[in-house]
Every structure is written in C-alpha cells, then in structure tokens.
Amino acid sequence: MFNAREFKMIKSYPLHPAQQDVYADQILNSDSPRYNIGGYIVLKGHLNKEKFAEVLTSAPKVFDAFKLRFDSNIPEFIGFVDEEYERLKLDEIDFSTSENPTDEAKAWMQKRFNTSFILQQDSLLFEQYVIKIADDEHWFFGKYHHLITDGYGFIVWVQYLGHKYKSLITGDDVLFSYPFYVDEAVKGFDYYNSGDYKSDASYWNKKISEKPEKLLQKRYRQPDASINKSLTHTLQLTSDERKVIE
C-alpha cells in the first residue's frame, strides 16, 4: 500500500498507471503541448459574472484535480495535492471591441493550446477564462493538462458549471459530490502492484497469445512539424443532442 508523505499542506500520492506514460513523455518532451486538452463553450444571453465566479470558487472543494501538482525534477512517479488551494480565480479577456471578435478569440485560444504547461509544484495545470464576444455572448475557455483530466472529465466539469450556475441563480443551493481522483489513483497503483494484477495479466497473456491485427490503419503520416501542435475542433450540437449529455 502507498504511504502518503506530507510536507506542510502538500501531500504526495502515486500516479495512476494511466498517468505514468503521460508524465514520462511530458518530461522527455517538456515543450510539447500534445497533452493539452479542453475547449470552450458558448454562453448566450446575460451572464451573471458574480455567480459564475462563485461557481469557479467552489470547484477545488468538489474536484481535487484542481489541487494536483507535479514536479519534473523529482525522478519518481508521484504527484502532489495542494490542500491549501481552495479558490479558483476568474480571468477575463475582452474581444468585443475587436473588428472580428470570434476569429480573434479563436486565434487566441489556439495560441494558448499550443503553449505547454510547466511541471513544477507551484505551477497550475489548467487555464480558464471568460471571453467576452459581445454584451450578450461570452465564451468559457478551459485548457487542462491530461495529467489532471481527460475528455470525459472535461464534459463532467462543463456539466457541473451549468448545473451549479443554475442552482445559484435559482437559489436552490444544490450540493454536488464527485469521486476524488487521488483515491482512484491510489487504488490503481495498489492494484497494479498486487498479486491480483499479476494473476489477471497471466490470464490475458494466455488468452491472447498473439496480438490481433490493428483495427485502424493510418492513411498517411503527418509531417513531423505538426506533431507538437494542438488543434481546436469545434462541434455544434443540436438541442436534442445537448439533452442527451445533460
């Protein structure tokens, strides 16, 4: 079992096996933004920035991913939890006075996505902005390192933003609770180093003695120059499609 080491309010934890490859590759390619994920959501109509800021402020108490820190100078597969980090700030940027707000905002977001994170204990592995496009339109932009979340996690986070914001506007004061990432990381680490894992691995090695053919084949290889670029993909959902994921 992993024993956490504590120093002041920083507690260490073992990386989940799924995090280890990402962590090692990011250290080897420190300038690469390939593990930047996230996106933006369009907020139409009046935005109560005070309530929206309150939603963000509540986030670290609900999602421990915002408290995770890493240090590439430490040659171990461990992460750190900043227990004192309790409030997210709301950063704003205004493109509403630009000649073409949407194009300039997208170019700015792309530039942010092409900028890599720094793996140091005092560095945050996320960026979040409210972007003003017009008085009745704002975009919420979020950029996160793959060490603290994934595509599904981003969807869960966006859903929380919407539900929490609605509860504050209506005064319902709904309580939200989600599993802690660190707990799952420790479970994954313990299983990976257990007799059960070795037994399961032995079973599947015998069950699948030869690797099957690749299901998907690459039609072409991208130029090396494009490998270290992160691209933004915009997907417009219909009202019916949005209801399915809510």
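Numbers for residues simply follow the sequence, beginning at 1.
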Quick check, are the ring centers of [X] and [Y] under 6.0 angstrom apart?
X	Y	result
Trp108	Phe141	yes
Tyr160	Phe63	yes
Phe66	Phe126	yes

For this session: Assess whether salt bridge (Lys or Arg N to Asp or Glu O under 4.0 Å) is satisfied between Asp71 and Arg69, documenting all intermediate values.
Result: CA-CA 7 Å; Asp71 193 337; Arg69 308 288 182 263; over 6 Å; no
Exercise. For residues Asn100 and Ser98, is any side-chain donor paired with an opposing acceptor at under 3.5 Å?
Worked result: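 There is no such pair (donor and acceptor under 3.5 Å, judged by atom type) between the side chains of Asn100 and Ser98.
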For this session: Consider only side-chain N and O atoms of Asp172 and Thr170, and report whether a donor and an acceptor are under 3.5 Å apart.
Result: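 Yes, Thr170 and Asp172 have a side-chain donor paired with an acceptor closer than 3.5 Å.
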Identify whether [X] and [Y] are in the same connected component of the hydrophobic contact network (ILVMFWY, side-chain heavy atoms under 4.5 Å).
X	Y	value
Phe154	Tyr178	yes
Phe180	Val62	no
Leu161	Val174	yes
Tyr152	Tyr144	yes
Tyr165	Leu168	yes

Flag if over 12 foreign heavy atoms under 6.0 Å of [atom1], [X]:
X	atom1	value
Lys166	NZ	no
Asp122	CG	yes
Leu175	CG	no
Ile118	CD1	no
Tyr85	OH	yes

For this session: Please lay out, stage by stage, how Gln128 and Leu56 fare under the test side chain to side chain contact (heavy atoms under 4.5 Å, CB included).
Result: CA-CA 9 Å; Gln128 299 183 127; Leu56 290 182; 4.0 Å; yes
Would you say [X] and [Y] make side-chain contact, with heavy atoms under 4.5 Å?
X	Y	value
Leu43	Phe52	yes
Met109	Trp139	yes
Tyr191	Asp200	yes
Tyr181	Thr149	no

Under 3.5 Å: donor-acceptor pair, side chain of [X], backbone of [Y]:
X	Y	value
Asp25	Asp21	no
Gln19	His16	yes
Lys143	Thr115	yes

For this session: Each residue besides Tyr203 in its hydrophobic cluster should be listed here, by chain and number; the cluster joins Ile, Leu, Val, Met, Phe, Trp and Tyr at side-chain heavy-atom distances under 4.5 Å.
Result: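 When side chains under 4.5 Å apart are linked, the cluster holding Tyr203 also contains Trp204, Ile208.
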Exercise. Between Leu15 and Ile78, is a side chain to side chain contact (heavy atoms under 4.5 Å, CB included) present by the stated rule, with each step listed?
Worked result: CA-CA 5 Å; Leu15 297 191; Ile78 60 174; 5.5 Å; no
Problem set entry | Glu92 with Lys132: basic N within carboxylate O range, under 4.0 Å |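 Looking at Lys132 together with Glu92, the answer is no, because their closest N to O distance does not fall below 4.0 Å.
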Exercise. What's the spacing between Glu184 CD and Tyr13 OH if we round to 0.5 Å?
Worked result: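 So the CD of Glu184 and the OH of Tyr13 are separated by 12.0 Å.
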For this session: For Phe176 and Ser167, run side chain to side chain contact (heavy atoms under 4.5 Å, CB included): C-alpha distance rounded to whole Å, both residues' side-chain angles, the deciding distance at 0.1 Å, then the answer.
Result: CA-CA 11 Å; Phe176 296 87; Ser167 74; 4.2 Å; yes
